Amino acid sequence: MSISVIVPAYNEELYIAPTLRAITAARDYLQARAECPVEILVVNNGSTDKTAEIARGLGATVLFDSNHNIARARNCGAKSASGEVLVFIDADTLVPEPILLRIHHLTEDRCLGGGADTLYTPKRASMALYLGIWRVIGKLATMVQGPLQFCRKDVFLVIGGYDESILIGEDVDFFFRLCRYAKSVRGSVTHIVDLRVRPSARRFDRWPLWRVLVYTNPVFIGLFNRVPRAWGGWYGDVPR
């Protein structure tokens with residue numbers, strides 16, 4: 001199985017280099033142990049900083065999509081990807097070296113896709129506790145978020161990729177649809193829990209608790225996930 005790693009990025013000049021270095025290390029770890037072509041695609045989602053320049057300098061192929069929408073950016077990367085397996089990684093997320101090798105082994109079997117568990121390290125103890133509670137809730141509800149998700153490309157096309165009308169929670173929606181499809185064809189979906197990825201905790205470090213509670217509330221998300229002005233903290237005034 002060949003792999004395409006897709007990284008959507010908007011003004012991530014402070015985070016994109018560590019992310020790409022971690023992905024490159026994971027690629028090298030995989031290729032030292034298995035024959036598996038890996039390409040790294042960065043979708044520059046309307047950035048006005050040096051994101052594209054940095055990504056290109058680190059050997060990534062840079063694609064451009066000016067429509068500021070993370071689901072669309074992921075879909076744009078998928079359209080250009082040559083790999084049989086698509087791995088979506090957020091631009092501020094560090095991955096462990098063995099992760100691509102694990103995905104390679106999984107998708108050689110009957111696994112159609114899945115995701116990886118997250119390890120947030122916020123500075124405030126109250127926020128760490130809150131995120132820990134949500135991690136347990138997520139496991140019970142089989143919710144797998146988008147810092148790292150993967151899927152066979154043929155399956156991605158069948159289920160229609162990410163829903164571009166959803167501005168927040170599009171990753172959870174994608175995973176639920178992936179699970180339903182896998183069940184219908186007697187395939188499997190895997191949530192990797194022993195290799196955890198490390199997304200940036202910048203929002204949780206800088207936002208007041210009330211804002212985190214509102215923006216991560218499932219009711220609020222369900223009511224406003226298609227309303228652009230509700231999600232400036234994800235699309236406009238993101239902490240840098």
Side-chain angles (χ1 to χ4, degrees), residues 1-10 12 15-17 19-31 34-47 51-52 54-95 99-116 144-164 166 170-171 173-175 177-178 181-182 185 187 189-190 192 197:
M1 286 283 187
S2 56
I3 292 176
S4 294
V5 179
I6 298 165
V7 183
Y10 169 67
E12 295 287 6
Y15 291 87
I16 192 69
T19 294
L20 291 178
R21 290 190 183 106
I23 293 171
T24 300
R27 179 200 64 192
D28 295 345
Y29 185 94
L30 161 62
Q31 293 182 334
E35 292 186 11
C36 179
V38 177
E39 65 175 356
I40 302 173
L41 307 176
V42 172
V43 183
N44 183 21
N45 199 204
S47 297
T51 294
I54 294 169
R56 199 177 292 110
L58 290 170
T61 298
V62 178
L63 309 173
F64 293 89
D65 189 307
S66 59
N67 190 316
H68 200 27
N69 178 310
I70 191 168
R72 177 176 167 127
R74 290 185 177 126
N75 290 341
C76 172
K79 289 176 184 176
S80 297
S82 62
E84 299 164 276
V85 176
L86 308 177
V87 182
F88 300 92
I89 300 175
D90 284 353
D92 63 348
T93 297
L94 303 179
V95 300
I99 192 70
L100 294 182
L101 179 64
R102 178 70 60 82
I103 291 171
H104 171 66
H105 288 326
L106 286 169
T107 51
E108 280 192 319
D109 198 5
R110 288 191 57 79
C111 178
L112 305 185
V144 174
Q145 297 177 326
L148 187 150
Q149 292 183 330
F150 64 96
C151 184
R152 292 188 184 182
K153 187 172 184 179
D154 57 347
V155 174
F156 183 89
L157 295 174
V158 169
I159 67 175
Y162 289 89
D163 186 341
E164 296 179 14
I166 300 177
E170 79 297 327
D171 47 355
D173 168 77
F174 174 80
F175 187 78
R177 288 188 287 114
L178 175 61
Y181 177 77
V185 297
V189 172
T190 300
I192 301 170
V197 302

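Everything quoted here is computed from the prediction, not taken from an experiment. By convention here, the first residue in the shown sequence is residue 1.
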A.B. asks: Are the side chains of Val197 and Asp90 in touch, meaning some heavy atoms are under 4.5 Å apart?
C.D. replies: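 Side chain of Val197 against side chain of Asp90, heavy atoms only: no contact under 4.5 Å found.
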A.B. asks: Considering only heavy atoms from C-beta outward, does the side chain of Pro8 approach that of Asn45 to under 4.5 Å?
C.D. replies: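 Sidechains of Asn45 and Pro8: no contact.
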A.B. asks: Donor-acceptor check, side chain of Glu84 to backbone of Ser2, threshold 3.5 angstrom: yes or no?
C.D. replies: yes
A.B. asks: How close do Met1 and His104 get, counting heavy atoms only, and between which atoms?
C.D. replies: O-ND1, 3.7 Å
A.B. asks: Report the distance from atom CG of Leu178 to atom CG of Asp173, rounding to the nearest 0.5 Å.
C.D. replies: 11.0 Å
A.B. asks: I'd like to know if the side chain of Asp65 and the backbone of Ala73 have a donor-acceptor N/O pair within less than 3.5 Å.
C.D. replies: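 Checked: no pair found.
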A.B. asks: Could you check whether any side-chain heavy atom of Val87 comes within less than 4.5 Å of a side-chain heavy atom of Ile99, counting everything from C-beta outward?
C.D. replies: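 Side chain of Val87 against side chain of Ile99, heavy atoms only: no contact under 4.5 Å found.
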A.B. asks: Under the side-chain contact (heavy atoms from CB on, under 4.5 Å) test, which residues partner Ser80, sequence neighbours left out?
C.D. replies: Leu63
A.B. asks: Nearest 0.5 Å, please: how far is CD in Glu170 from CG in Asp163?
C.D. replies: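 Asp163 CG to Glu170 CD: 9.0 Å, rounded to 0.5 Å.
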A.B. asks: When rounded to the nearest 0.5 angstrom, what is the spacing between CZ in Phe64 and SG in Cys76?
C.D. replies: 10.5 Å
A.B. asks: Any donor and acceptor pair, going by atom type alone, linking the side chain of Asn69 with main-chain N or O of Ala71 inside 3.5 Å?
C.D. replies: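 Yes, the answer is positive, given that a donor and an acceptor are paired below the 3.5 Å cut-off.
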A.B. asks: Within the distance-only criterion (no hydrogens, no angle test), does the side chain of Thr19 pair as donor or acceptor with the backbone N or O of Ala91 below 3.5 angstrom?
C.D. replies: yes
A.B. asks: So among Phe156, Phe175, Phe150, which one has a ring-ring contact (aromatic ring centres under 6.0 Å, His included) with Phe88?
C.D. replies: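 For Phe88, the ring-ring contact (aromatic ring centres under 6.0 Å, His included) check succeeds only for Phe156.
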A.B. asks: Go through it in stages, so that I can follow the logic: the residues are Thr93 and Leu148, the test is side chain to side chain contact (heavy atoms under 4.5 Å, CB included), and I'd like the CA-CA distance, side-chain angles, deciding distance and then a yes or no.
C.D. replies: CA-CA 8 Å; Thr93 297; Leu148 187 150; 5.6 Å; no
A.B. asks: From the options Val95, Ile23, Leu41, select the one residue that forms a side-chain contact (heavy atoms from CB on, under 4.5 Å) with Val5.
C.D. replies: Ile23
A.B. asks: For residues 54-62, dump all side-chain donor-acceptor pairs below 3.5 Å to protein atoms at least two apart in sequence or in another chain.
C.D. replies:
none

A.B. asks: Roughly how far apart are Arg27 CZ and Glu39 CD, rounded to 0.5 Å?
C.D. replies: 11.5 Å
A.B. asks: If we ignore hydrogens and angles and just use 3.5 Å, is the side chain of Lys153 paired with the main-chain N or O of Ala81 as donor and acceptor?
C.D. replies: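 Yes; judged by distance alone, with no hydrogens or angles, the pair exists.
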A.B. asks: Measuring from atom CD of Gln149 to atom CG of Asp171, what distance do you get when rounded to the nearest 0.5 angstrom?
C.D. replies: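 Reported to 0.5 Å precision, the distance equals 5.5 Å.
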A.B. asks: Taking Ile159's backbone N and O only, do any of them form a donor-acceptor pair with Arg177's side chain (distance below 3.5 Å, no angle check)?
C.D. replies: yes
A.B. asks: Please round to the nearest 0.5 Å and tell me the distance separating atom CG of Leu100 and atom CG of Asp28.
C.D. replies: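 Between Leu100 CG and Asp28 CG, I get 10.0 Å after rounding to 0.5 Å.
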